Amino acid sequence: MGDLSALRLQYRSDKATLMNRLGVQGTSTRGVRSALQKLSRLTDQTLRELWTRSGFGPTFSLIAVGGYGRGELFPYSDVDVLVLLPDGSEPDQDEALKSRLESFIGACWDVGLEIGSSVRTTADCVAEASKDVTVQTSLLECRLICGGKSQFTTLVNQLNEAMDPKAFFVAKTLEMRQRHNKFENTPYSLEPNCKESPGGLRDLQIVLWVAKAAGLGRSWDELARKGLATSLEARQIKANEALLNLIRARLHLLANRREDRLVFDLQNAVAESFGFKPQVPAVITPGGPGPHAVPVARGARRASEVLMKRYYWAAKAVTQLNQILLLNIEERLASDDVGVDRMRPINERFFDKAGMLEVASDNLYVQHPHAILETFHIYQTTVGIKGLSARTLRALYNARPVMNARFRNDPVNRAAFMQILMEPEGITHAMRLMNQTSVLGRYLWVFRHIVGQMQHDLFHVYTVDQHILMVLRNVRRFFIADHSHEYPFCSQLAAGWDKPWIFYVAALFHDIAKGRGGDHSELGAKDVRSFCRQHGIEREDAKLIEFLVAEHLTMSRMAQKEDLSDPDVINAFAQRVGNERYLTALYLLTVADIRGTSPKVWNAWKGKLLEDLYRYTLRSLGGRAPDPDAVIEARKREALSMLALHALPHLAHKALWDTLDVSYFMRHQADEIAWHTRVLSRELAVRAAAPKPSGPETGDGEAPKPDNSIVRARLSPEGEGLQVLVYAPDQHDLFARICGYFDNAGFSILDARIHTTHTGHALDTFQVVAPTLSEHYRALTAMVENDLAQAIDQRGPLPAPSKGRLSRRVKSFPITPRVDLRPDEKAQRWLLSVSASDRAGLLYCITRVLARYDVSVQLAKITTLGERVEDTFLISGPQLQVNKRQIEIETELLETLEG
């Protein structure tokens with residue numbers, strides 16, 4: 001045991017020395033492969049010592065497999081080994097052999113080697129490899145550590161004989177496709193796995209695996225010598241592989257365990273290990289290099305953003321090169337098949353090669369730069385073309401120097417780009433392919449700066465370039481009949497639109513100025529104005545596109561923060577928009593934009609708010625500005641018609657309606673008014689008919705019943721969540737008490753409309769959602785009606801808020817809390833806006849502060865954007881008229897938001 005302890009100390013000491021070399025701060029990737037190889041050799045040496053001590057004879061072999069078999073070992077990766085037994089061995093029936101194997105494996109763990117072991121004969125290995133491509137892949141990289149060489153050679157020969165390169169290629173490419181699907185087919189995840197994500201190390205390993213299986217080479221230099229890669233591609237691959245290796249090694253060291261994901265918690269630490277610092281404002285030239293370039297100030301970026309942009313660019317290059325080499329290997333494997341090289345000419349520059357677009361010559365793009373954009377137009381418009389061939393991808397990759405300022409300023413190329421945007425089909429696919437091949441960023445120079453740029457606003461789940469292409473895809477679907485079921489109203493509006501390409505240009509530019517500092521909407525509007533001028537877009541169309549880019553956030557902000565029942569709000573927005581064409585265009589772009597931020601951000605309630613704002617504004621633009629009296633009378637008539645269907649007694653509504661003022665009827669739709677009336681009229685009639693107690697006790701000795709609250713819930717008419725009605729005696733902390741209940745019950749409040757009747761009762765309507773609502777809405781409805789009523793009727797101090805935990809993303813990218821308190825335009829009420837990182841119980845904490853100062857909430861719009869909240873409250877109260885109290889309220893709210 002003493003010898004084992006000494007070996008353990010020696011191994012740990014030597015490993016620590018090697019890991020220290022990997023952890024030295026700096027961006028240089030030189031030596032990273034050597035360090036990984038030395039760590040592998042150190043492990044080899046330790047295993048040999050343990051193998052010798054275990055007393056295995058020459059008929060046994062210890063073999064490295066999997067990643068360890070490549071001879072490169074990451075600090076905390078598993079050490080995968082195969083103990084190769086002589087044919088005929090059966091450890092389960094040989095107690096001495098079984099004991100020796102257990103002793104060897106246990107000694108490995110005692111020394112500090114986290115091994116993954118398998119024990120097989122040669123026949124077992126061949127049989128398992130034939131059944132499982134994962135085992136076959138692991139054995140493909142096997143390497144003898146110690147033991148019988150002849151036995152190892154026999155294993156390798158039998159595995160090679162059993163290998164079917166074409167079947168192996170198909171299996172590995174299908175496996176890669178499944179893995180990419182798991183990571184949503186993008187290298188631009190905000191927390192990518194640098195090994196498994198698209199563009200990660202696994203994509204490079206697959207190329208070498210299939211090449212080795214086909215006997216085409218074992219290294220990048222060997223692939224280049226055999227014509228499967230150019231010398232430039234081999235250099236690019238090795239450079240990007242070294243960067244990914246270094247990132248992965250640093251992740252292991254910083255996490256002190258196996259960690260291949262660039263999680264938010266580690267991104268900054270990894271960036272600092274590279275020596276990256278937050279970037280101070282710099283100057284970029286949107287026009288690209290040249291005499292006409294215009295300097296533009298660029299905002300500072302976090303160190304983690306610098307790292308992630310470098311990672312994304314490497315992953316993008318790996319994705320391109322992986323595709324080129326796999327297509328080349330596939331062609332080489334299929335070269336013996338009859339008819340594989342049969343090609344159909346498309347024109348003098350391009351061929352259709354089995355559905356792949358093939359260039360007529362390798363230097364086509366260098367000799368004819370106009371053919372670059374023509375490639376994507378043909379891809380977009382030619383039936384049967386499903387992608388670009390390896391030869392075409394390589395030609396594009398090598399033609400990057402051609403795509404310079406002269407290329408961008410060429411009138412023929414500008415016309416070609418507009419032609420792609422104006423085609424009736426294939427725009428999304430063409431633009432995505434242009435981005436994947438780096439053509440889009442080289443043609444639109446301002447686009448190049450947002451490729452791989454993270455967005456630390458905690459609700460975008462895509463990098464800026466991917467978000468832009470997602471918005472382009474969303475708005476494009478409004479014009480495709482097959483997708484009209486997704487958003488019928490948007491598709492209906494789009495069907496009457498004459499120039500869809502206007503939206504595509506606006507989508508490309510709406511966030512193109514992110515990360516420069518300043519207002520990205522204003523900067524983007526300047527960029528698109530220049531684009532329209534250079535591309536000959538007519539003045540009226542150019543004005544609309546510039547308006548859409550400049551105002552693309554306005555409609556969302558209005559819908560989610562303003563009181564849409566206020567005619568002044570609608571009229572002001574109508575004046576800002578100007579006409580129906582601009583309004584419709586802004587509405588469509590806004591819906592597409594919100595949907596393109598994250599699958600979790602869009603919901604039916606936001607859709608309703610936007611549609612309501614659109615319809616109200618359209619009515620105002622048509623000269624039919626809402627007359628409050630006429631609107632109220634129309635809603636009352638519609639509500640009475642609905643009530644008649646439920647056989648409500650004549651004039652049964654009066655008891656409730658006589659207690660309500662104009663603001664109630666302005667803020668609620670007819671179906672909500674009818675629902676409230678149907679529920680409350682019965683309760684009010686029962687209460688009115690009940691005998692009034694004359695004292696502390698009634699004549700029969702029973703205590704009088706208190707004026708209990710009424711709570712009713714139903715599925716939201718918007719198709720998502722619950723709509724909850726609360727009718728209760730008003731009290732200063734009522735809103736806070738309700739928020740506290742919803743928080744503890746796991747509901748999220750989307751909207752709250754607060755009204756106080758002439759009899760001093762609160763009549764509040766809430767829109768709430770819960771994760772399990774769709775499956776258990778009946779049970780949840782009953783629970784809310786019972787438990788919320790009890791929570792409201794309980795008197796006494798408000799319960800203390802629960803201590804909400806911050807998510808990992810919020811901890812990594814904290815938001816500076818903001819509180820804005822100002823009088824509304826009529827100076828009768830106050831608008832309170834808060835912005836902060838989200839956490840459980842935050843809304844309840846805010847409302848407790850308001851309750852403490854006797855502030856009444858009349859309207860609440862709760863907006864959750866990923867891990868950020870943007871809440872707006874319409875409030876009133878005498879304390880707000882005192883400057884000192886205002887400051888106290890704002891200060892206390894800021895302290896609450898900071899947690």
Side-chain angles (χ1 to χ4, degrees), residues 65-67 69-70 125-143 155-183 185 187 195-230 233-234 237 240-241 317-343 353-358 386-394 397 436:
V65 294
R70 283 193 297 275
C125 290
V126 175
E128 287 297 318
S130 67
K131 293 185 293 185
D132 188 341
V133 72
T134 303
V135 174
Q136 189 178 28
T137 306
S138 178
L139 292 172
L140 184 66
E141 299 194 287
C142 63
R143 175 175 57 84
L155 172 65
V156 172
N157 290 338
Q158 291 192 22
L159 289 171
N160 289 339
E161 288 174 10
M163 173 65 73
D164 180 344
K166 292 178 183 177
F168 184 74
F169 179 91
V170 171
K172 296 311 291 183
T173 50
L174 286 175
E175 186 183 89
M176 181 178 72
R177 196 176 305 162
Q178 291 174 344
R179 175 169 51 82
H180 286 185
N181 287 336
K182 178 183 174 183
F183 291 97
N185 289 304
K195 178 184 176 185
E196 301 285 349
S197 287
L201 288 165
R202 182 68 82 209
D203 281 4
L204 293 176
Q205 291 161 5
I206 276 184
V207 175
L208 289 178
W209 287 335
V210 296
K212 184 177 180 181
L216 297 174
R218 296 168 171 265
S219 68
W220 305 119
D221 290 334
E222 212 173 328
L223 292 183
R225 285 195 297 272
K226 294 196 176 183
L228 289 162
T230 66
E233 288 164 356
I237 287 176
N240 288 300
E241 183 181 42
V318 167
T319 301
Q320 291 176 256
L321 294 164
N322 164 273
Q323 189 177 13
I324 291 171
L325 294 182
L326 286 180
L327 285 170
N328 276 335
I329 293 170
E330 184 177 25
E331 289 181 4
R332 191 72 64 89
L333 286 171
S335 60
D336 296 331
D337 293 347
V338 176
V340 73
D341 291 325
R342 189 175 300 162
M343 295 192 294
K353 184 180 181 181
M356 308 300 279
L357 188 60
E358 173 97 346
K386 59 181 183 287
L388 306 183
S389 72
R391 190 180 185 191
T392 303
L393 289 168
R394 173 171 289 159
Y397 192 78
Q436 289 167 13

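None of these values were measured; they are calculated from a predicted model. Note that the numbering runs from 1 along the sequence shown for the chain.
Residues Gly217 and Leu223 come closest through the heavy atom pair CA-CD2, 4.3 Å. Smallest separation of non-hydrogen atoms from Leu327 and Leu388: CD1-O, 3.5 Å. Residues Pro187 and Thr319 share a closest heavy-atom pair of CG-OG1, 4.3 Å. Of all heavy-atom pairs spanning Ala213 and Pro165, the tightest one is O-CG, 3.6 Å. Considering every non-hydrogen atom in both Ala390 and Ile324, the closest pair reads CB-O, 3.5 Å.
Applying the side chain to side chain donor-acceptor pair (under 3.5 Å) criterion to Lys386, with sequence neighbours excluded, gives no partner residue. Residues that satisfy the side chain to side chain donor-acceptor pair (under 3.5 Å) test with Glu241, not counting sequence neighbours, are Trp220. Under the side chain to side chain contact (heavy atoms under 4.5 Å, CB included) criterion, Asn185 pairs with His180, Asn181, sequence neighbours left out. A search for side chain to side chain donor-acceptor pair (under 3.5 Å) contacts involving Asn328 returns nothing, not counting sequence neighbours. Listed by chain and residue number, Glu196, Gln205 satisfy the side chain to side chain donor-acceptor pair (under 3.5 Å) test with Arg202 (two or more places apart in sequence, or in another chain).
Taken to the nearest 0.5 Å, the CH2 atom of Trp209 stands 5.5 Å off from the OG1 atom of Thr137. The line from CZ of Arg143 to CZ of Arg70 is 11.0 Å long, rounded to the nearest 0.5 Å. The structure places CG of Asn322 at 4.5 Å from CG of Leu326, a figure rounded to the nearest 0.5 Å. Put simply, CZ on Arg332 and NZ on Lys226 are 8.5 Å apart, with the number rounded to the nearest 0.5 Å. Summarising the geometry, atom CE belonging to Met176 is positioned 6.0 Å from atom CG belonging to Asp203; distances are rounded to the nearest 0.5 Å. To the nearest 0.5 Å, the span separating CG on Leu139 from CD on Gln158 amounts to 12.0 Å.
Between the side chain of Thr392 and the main chain of Leu357, a donor-acceptor pair closer than 3.5 Å is present. In terms of modelled atom types and a separation under 3.5 Å, the side chain of Ser197 and the main chain of Gly200 share no donor-acceptor contact.
Exactly one of Val133, Leu333, Thr173 qualifies for a side chain to side chain contact (heavy atoms under 4.5 Å, CB included) with Phe168. That residue is Val133.
For the salt bridge (charged side-chain N to carboxylate O under 4.0 Å, His left out) condition, the pairs that include at least one residue of residues 212-224, sequence neighbours left out, are Asp221-Lys238.
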